[in-house]
Amino acid sequence: MNENWDDIKNQAVKWVEEAGKMLKESLYKQLDIHTKSNPNDLVTEMDYKVERLLKERIEKSYPDHKIMGEEEAGRHIESTNGVMWLIDPIDGTTNFIHQKFNFAISLAVVENGIGKIGIVYNVMQDEWFTAVSGQGAYLNERKLRQTQPVTLQEAVLGLNGRWLAREKRADEQSLHHMVRRSRSVRSYGAAAIELAYVACGRLDCYISFRLSPWDYAAGLVLLKETGHLISTFQNEGVPLLKPSSIAASRPGLHDELLHYLYDHKGFDY
Ligand code: 2AM
Ligand code: CA
């Protein structure tokens with residue numbers, strides 16, 4: 001296959017822009033809100049509308065491509081062969097409902113499991129984080145710099161505060177040590193935005209115990225293009241067909257984070 005990823009990215013940006021307008025217009029109307037896996041896992045009719053709009057546009061232009069979306073599309077997909085689009089129609093749905101800012105549309109294109117295009121559109125800030133594999137990553141028109149190593153003591157960590165309250169997948173003491181050793185912690189409530197913030201240097205890492213491929217697929221392309229390290233807590237590549245833990249960071253920080261997140265029982269602190 002010989003796709004022109006740059007052209008596809010430019011076209012995809014137009015579709016996301018259209019979807020973003022729809023979201024802005026919906027903000028002050030009555031929203032139909034439901035819960036999914038738990039009472040804090042929310043979805044609105046706008047999540048479905050945005051996913052359907054993007055799916056329709058993609059299908060019309062690329063009938064051979066696979067599409068996986070958070071809400072409906074691609075439940076049957078079992079392999080990453082060929083070209084696959086991953087859609088998170090609203091990343092940060094809780095922010096969308098409660099705060100009306102800090103939510104994003106995240107769209108990625110991968111070919112045979114390798115990220116080719118990443119787009120994270122922070123709708124209310126009107127910030128476009130985009131990357132095409134091999135061509136660097138951008139925040140609006142500005143090309144993002146390659147990242148440099150950093151130590152935990154100098155690092156601002158991106159982390160959902162909920163994980164500090166109670167976490168059966170990790171030793172919470174270990175998380176507390178990690179946070180205390182760091183310079184500070186930030187939490188924005190939208191994984192795709194937080195991964196984009198790592199890519200552009202606003203955060204030094206982003207950690208989550210459980211995300212789905214549509215939450216991080218676009219972020220992965222941005223992060224790879226800026227020289228960041230990305231893995232599961234077990235230091236494996238993050239999967240594109242099932243949920244996973246994720247640690248994305250500047251070099252110099254990654255191994256230490258993984259010690260606290262996974263390997264901490266053997267860590268001398
Ligand atoms: P979402 O808004 O698309 O659901 C919140 O810290 C971040 O975690 C958001 O990016 C949110 O994505 C993501 N997330 C993934 N799985 C979640 C779940 N089951 N419940 C709440 N947030 C989830
Ligand atoms: Ca979502």
Side-chain angles (χ1 to χ4, degrees), residues 16 19-20 22-23 26-27 31-55 67-75 85-108 118-125 127 129 157-170 175 179 185-199 202-203 205-220 222-223 230 232-233 238-248:
V16 172
M22 219 165 80
L23 285 180
S26 77
L27 269 183
L31 283 171
D32 190 14
I33 303 164
H34 297 276
T35 60
K36 295 195 286 184
S37 64
N38 66 64
N40 302 320
D41 188 8
L42 305 175
V43 65
T44 71
E45 81 270 25
M46 293 312 296
D47 295 74
Y48 293 105
K49 278 189 184 162
V50 167
E51 183 172 314
R52 284 176 196 156
L53 181 142
L54 294 174
K55 182 167 177 277
I67 305 170
M68 192 199 284
E70 176 170 10
E71 310 309 342
E72 294 173 324
R75 288 293 162 273
W85 294 66
L86 293 102
I87 308 170
D88 190 344
I90 306 179
D91 178 58
T93 300
T94 307
N95 289 349
F96 174 67
I97 295 166
H98 286 263
Q99 303 194 292
K100 308 205 184 296
F101 88 124
N102 266 342
F103 57 88
I105 299 171
S106 176
L107 186 60
I119 299 170
V120 176
Y121 176 44
N122 184 334
V123 177
M124 300 312 283
Q125 268 95 330
E127 285 191 324
F129 298 89
L157 313 181
L159 174 67
N160 185 334
R162 239 177 210 278
W163 298 120
L164 295 173
R166 188 169 166 271
E167 176 39 53
K168 49 185 185 301
R169 291 187 186 88
L175 286 185
V179 166
V185 184
R186 297 288 182 272
S187 188
Y188 298 92
I193 291 177
E194 289 166 293
L195 291 170
Y197 281 7
V198 177
R202 291 177 187 168
L203 289 172
C205 71
Y206 177 70
I207 295 155
S208 179
F209 286 78
R210 192 179 158 87
L211 287 179
S212 294
W214 44 79
D215 293 312
Y216 52 67
L220 294 186
L222 299 166
L223 289 158
I230 312 129
T232 67
F233 290 176
V238 292
L240 289 173
L241 296 177
K242 60 177 188 190
S244 170
S245 61
I246 184 169

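Everything numeric in this text was worked out from a predicted model, so none of it was measured. Just so you know, ligand 1 is whichever comes first in the structure, and atom 1 is the first atom listed for that ligand.
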Could you tell me whether Leu211 approaches ligand 1 through its side chain, its backbone, both or neither, with non-hydrogen atoms closer than 4.0 Å? side chain
What class does the angle between the rings of Tyr197 and Tyr188 fall in, given that below 30° is parallel, 30 to 60° is tilted and above 60° is perpendicular? perpendicular
Under 4.0 Å, heavy-atom basis, I'd like to know which part of Asn160 is in contact with ligand 1: side chain, backbone, both or neither. side chain
Can you find a heavy atom in the side chain of Phe103 that is under 4.5 Å from one in the side chain of Ile193? no
What protein heavy atom sits nearest atom 22 (N) of ligand 1, and how far off is it? Asp41 OD1, 4.8 Å
Closest non-hydrogen atom pair, Ile105 against Val50: CD1-CG1, 4.4 Å
Polar contact flag for Thr94 and ligand 1 (N/O pairs, less than 3.5 Å): no
What is the minimum heavy-atom distance between Asn102 and Ala190, and which atoms define it? O-CB, 3.6 Å
So which heavy atom on Asp88 is nearest to which on Ile90, and how close? OD1-O, 3.0 Å
Closer than 4.0 angstrom: is that true for some heavy atom of Ile90 and an atom of ligand 1? yes
Is Lys55 paired with Glu71 through a side-chain N to carboxylate O contact shorter than 4.0 Å? no
In the protein, what heavy atom is nearest to atom 15 (C) of ligand 1, and what distance, to one decimal place, separates them? Asp215 OD2, 3.5 Å
Return yes or no for this condition: an N or O of Asp88 is under 3.5 Å from an N or O of ligand 1. yes
Take atom 20 (N) of ligand 1 and look for protein heavy atoms under 4.0 Å from it; say yes if you find one, no if not. yes
Atom 5 (C) of ligand 1 - nearest protein heavy atom and its distance: Gly189 O, 3.7 Å
For Ser245 against Phe233, the heavy-atom pair lying closest together: OG-N, 3.0 Å
Of all N, O or S atoms in Asp88, the one closest to the Ca ion (ligand 2) is OD1
Should Gly92 be listed as contacting ligand 1, given a heavy-atom distance under 4.0 Å as the test? yes
So, 3.0 Å as the limit: is an N/O/S atom of Glu71 located closer than that to the Ca ion (ligand 2)? no
If I apply the N/O under 3.5 Å rule, does Glu70 come out as touching ligand 1? yes
Output field for angle at the Ca ion (ligand 2), Ile90.O vs Glu70.OE1, rounded to 10°, should show 160°
Could you name the option among Asn102, Asn95, Asp91 that has the heavy atom nearest to atom 11 (C) of ligand 1? Asp91
So, for Val198 and Cys205, which heavy atoms are closest and what is the spacing to 0.1 Å? CG2-C, 3.5 Å
Ligand 1 and Ala191, any nitrogen or oxygen pair closer than 3.5 angstrom? yes
